[in-house]
Amino acid sequence: MEDKRESSAAPTSFTSVLKLSQMGAAASVPKRYVLPPSQRPNLGLCPNLAIVSPIIDLSSLHHPIHGLRIKEEVRLACKDSGFFQVINHGIPLSVMNNALDAATDFFELPHEEKMSLASANIREPVRYGTSLNHVEDRVLFWRDFIKHYSHPISTWIDQWPSNPKTYKEKMGNYTQAVHALHRKLMGVVFENLGLSPKYLHEGIDEGSQVMAVNCYPTCPEPDLVLGMPPHSDYGYMTIILQNHQGLEIMSHDKKWYQVPVRKGALVIQIGDQMEIISNGLCKSLVHRATVNSDTDRISIASLHSLALERKVGPAPLLVDDQHPLSYAEGSFSGFLDFISNNDIMEVRYIDALKKNP
């Protein structure tokens, strides 16, 4: 799976954003991070997200009556925006807080220790990096991250960071809990589409879970940069845990809305793979990350997709004369190749898969 020649040839050295922020000497953002004016965030835009931010209480999901209402709320959210938040989802607050603490402790490690995990090869199963792809990005993004493959956890956890000492335990507990939650939610999404709740059951069991653990440090000029550019995730579902506000979503009106942080809630985002499987009935969410000048922000994104090489197209039951086939098949591997060679601020992978009517 890994191209050793690519891994060894590509430069891995970089200056982390966290190191820049901790130096404290810079009163302005280095030029390589400054976005063109048309791509900069408007930090005062549309703070009232409530109209597009359903908060769904999962505590009665299996109730014979209340469960129907909850499933309908999920159906509408997937159809209208590809985004919702869940509460009473079954993951203890202590497990969530421990994961955030583990992430914070990792980013506080000495720079040299973190750099031992650095790689420019986006297929590495454990990778420390900055920006989106610091080798290819024309403008850098105000983010440091560690990503690691996570399912099945027994296959990958030994490759995770050994420091901090509690990282594997704390992040591992959260990883397994969020994987169970995503399976439950996928059953609801498939049922809402008129498919069996166990549709693609084997594919999901054998699929990929990547934990993207992100640090967005304080920034002296947050109105000039982004932590992550506008994009959609290729997988079928992403579940986000965050400690501070900074996630923004694009609504139907093409405006950006801030996602409020609610204690104990998790953000659910529909990805490209789910839009493809549903033949367009579910909408993949375009989102981005902003930064601020007051506090570091941590987010942990659990990205779920089918196996790396497995191609997926629209479910046959969702294709008919009234709903013609709207997407070509795509794969996670194809997505990785795509983002290695394209600017995702200019074109999305799913747009390359859409069929002309």
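For reference, positions follow the sequence shown, starting with 1. Note that the coordinates shown come from a computational prediction; the quantities given were computed from them, not determined experimentally.
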Using the rule that two of Ile, Leu, Val, Met, Phe, Trp, Tyr join whenever any of their side-chain heavy atoms come within less than 4.5 Å, decide whether [X] and [Y] are in one cluster.
X: I55; Y: V259; value: no
X: F145; Y: V225; value: no
X: L317; Y: Y199; value: yes
X: I270; Y: L76; value: no
X: Y128; Y: L336; value: yes

Item to check | Worked check of side-chain hydrogen bond (donor to acceptor under 3.5 Å, both in side chains) between E275 and Y327 | outcome: CA-CA 9 Å; E275 182 171 330; Y327 302 86; 2.6 Å; yes
Next on the checklist: Please list all pairs meeting ring-ring contact (aromatic ring centres under 6.0 Å, His included) that have one or both residues in residues 266-298, counting only residues at least two apart or in different chains.
Outcome noted: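 Every pair satisfying ring-ring contact (aromatic ring centres under 6.0 Å, His included) with a residue in residues 266-298: H231-H287.
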Item to check | Minimum heavy-atom distance between V139 and V34, given as atom pair plus value | outcome: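 Distance-wise, the nearest heavy atoms are CG1-O, 3.7 Å.
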Checklist entry - Does the salt bridge (Lys or Arg N to Asp or Glu O under 4.0 Å) test come out yes or no for E72 and R69, once each step is laid out? => result CA-CA 5 Å; E72 177 64 8; R69 172 183 51 80; over 6 Å; no
Item to check | Ring centre gap for Y236 and H182 strictly below 6.0 Å | outcome: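 That pair passes the under 6.0 Å test.
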Checklist entry - Aromatic rings Y234 and F332: how do their planes relate, parallel, tilted or perpendicular, breaks at 30° and 60°? => result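 Aromatic pair Y234/F332 classed parallel.
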Item to check | Short side-chain donor-acceptor distance under 3.5 Å, S59 and D57 | outcome: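 Yes, side-chain donor-acceptor contact under 3.5 Å.
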Review item, side-chain donor-acceptor pairs of residues 100-108, under 3.5 Å, at least two apart:
| residue | atom | partner | partner atom | Å |
| --- | --- | --- | --- | --- |
| T104 | OG1 | L100 | O | 3.0 |

Checklist entry - Is it true that R123 and D337 have a side-chain N and a carboxylate O under 4.0 angstrom from each other? => result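 Salt bridge: yes.
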